[in-house]
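Reviewing the structure listed below.
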Amino acid sequence: MSIRAVYPGSFDPVTNGHIDLIQRSSALFDQVVVAILRNTEKVPLFSVEERTEMLEEATRGLKNVSVTSFAGLLVDYVEQLKASVIIRGIRAVSDYEYELQMALMNRRLSNRVETVFMLPAESYSFLSSKLVKEIAALGGAIHGFVPADVESRLSRKFHLK
Ligand code: PNS
């Protein structure tokens, strides 16, 4: 049986923590579809097209990983892709409450879809897209938090280079 997993998120922008999780998932599942949420209420820093480019660049070496975007309910998209797993990363206990609520709600919406929680390397447990953007906007060093391509895109966004 071939298992297709969907890794959904905002990825605004992708961090090395996300990439660590994609690599771990790619070793565990037959196919991994990274799914960027389109209809977010938050105003993103990067467009869906820019986020897709950054994720494609970062996952180029992983043959069973593809990058897409979606709008609407996640479980509908997962079923549309004929996938059976949603991957979510848990960095710390603080993530757990929100993730548990979302996983149980998604299970209520579709009992054909299972959520799998994965842990990124502990060195990324403090990392988030939000903090990376804040640090970059204030001129701080983000080297090692995001891929080099994302680092230069952030510098350009904030006119630091
Ligand atoms: O990276 P994020 O912002 O934490 O990802 C959140 C995401 C995209 C997984 C979540 O907002 C989502 O699934 N949105 C799609 C709409 C949906 O299905 N909502 C019901 C969730 S129980």
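Whatever order the structure lists them in is the order used to number ligands and atoms, beginning at 1. The analysis underlying the following values was restricted to heavy atoms, covering all of them including side chains, and did not include hydrogens, waters or symmetry mates.
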Are any of the side-chain nitrogens in Asp95 or Arg88 under 4.0 Å away from the carboxylate oxygens of its partner?
->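 Salt bridge between Asp95 and Arg88, a charged N being under 4.0 Å from a carboxylate O: no.
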
Lys157/Glu50 salt bridge by N-O under 4.0 Å criterion = yes

Kindly give the heavy-atom pair with the smallest separation between Tyr124 and Gly144, and that separation in Å.
-> CE2-O, 4.3 Å

Closest approach of Asp12 and Leu45, non-hydrogen atoms and distance?
->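 Minimum heavy-atom separation between Asp12 and Leu45: OD2-N, 2.8 Å.
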
Given that the side chain starts at C-beta and the backbone is N, CA, C, O, which of these parts of Leu73 lies under 4.0 Å from ligand 1, counting heavy atoms, or is it both or neither?
-> both

Under 4.0 Å, heavy atoms only, figure out whether ligand 1 is touched by the backbone of Gln101, its side chain, both or neither.
->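 Answer for Gln101: neither.
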
For a side chain to side chain contact (heavy atoms under 4.5 Å, CB included) with Ile22, tell me which candidate from Ile87, Val67, Leu62 qualifies.
-> Leu62

Does Arg91 use its side chain to pair, donor to acceptor, with the backbone of Pro120 at less than 3.5 Å?
->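 Answer holds: no.
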
Return a yes/no value: protein heavy atom under 4.0 Å from atom 12 (C) of ligand 1?
-> no

In terms of residue, atom name and distance, what is the protein heavy atom nearest to [atom]?
atom                    : result
atom 10 (C) of ligand 1 : Met102 SD, 4.0 Å
atom 5 (O) of ligand 1  : Arg88 NH1, 3.3 Å
atom 3 (O) of ligand 1  : Ser10 OG, 2.6 Å

Candidates Pro8, Gly72, Ser129, Gly89; heavy atom nearest atom 16 (C) of ligand 1 found on Gly72

Kindly confirm or rule out an N or O of Tyr98 lying under 3.5 angstrom from an N or O of ligand 1.
->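 Checking ligand 1 against Tyr98, no N or O pair falls under 3.5 Å apart.
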
Looking only at distance, does Asn106 have an N or O less than 3.5 Å from an N or O of ligand 1?
-> no

Give the numbers and elements of all ligand 1 atoms closer than 4.0 Å to a heavy atom of Met105.
->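 Answer for ligand 1: 22 (S).
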
Using a strict cut-off of 4.0 Å, indicate which atoms of ligand 1 neighbour a heavy atom of Leu74.
->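 Selected atoms, number and element: 13 (O), 17 (C), 18 (O).
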
Given the rule that I, L, V, M, F, W and Y join up when any side-chain heavy atoms are under 4.5 Å apart, are Ile86 and Leu100 in one cluster?
-> no

Phe70 and Tyr77 aromatic ring geometry - parallel, tilted or perpendicular at 30°/60° bounds |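 Plane angle under 30°, so parallel.
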
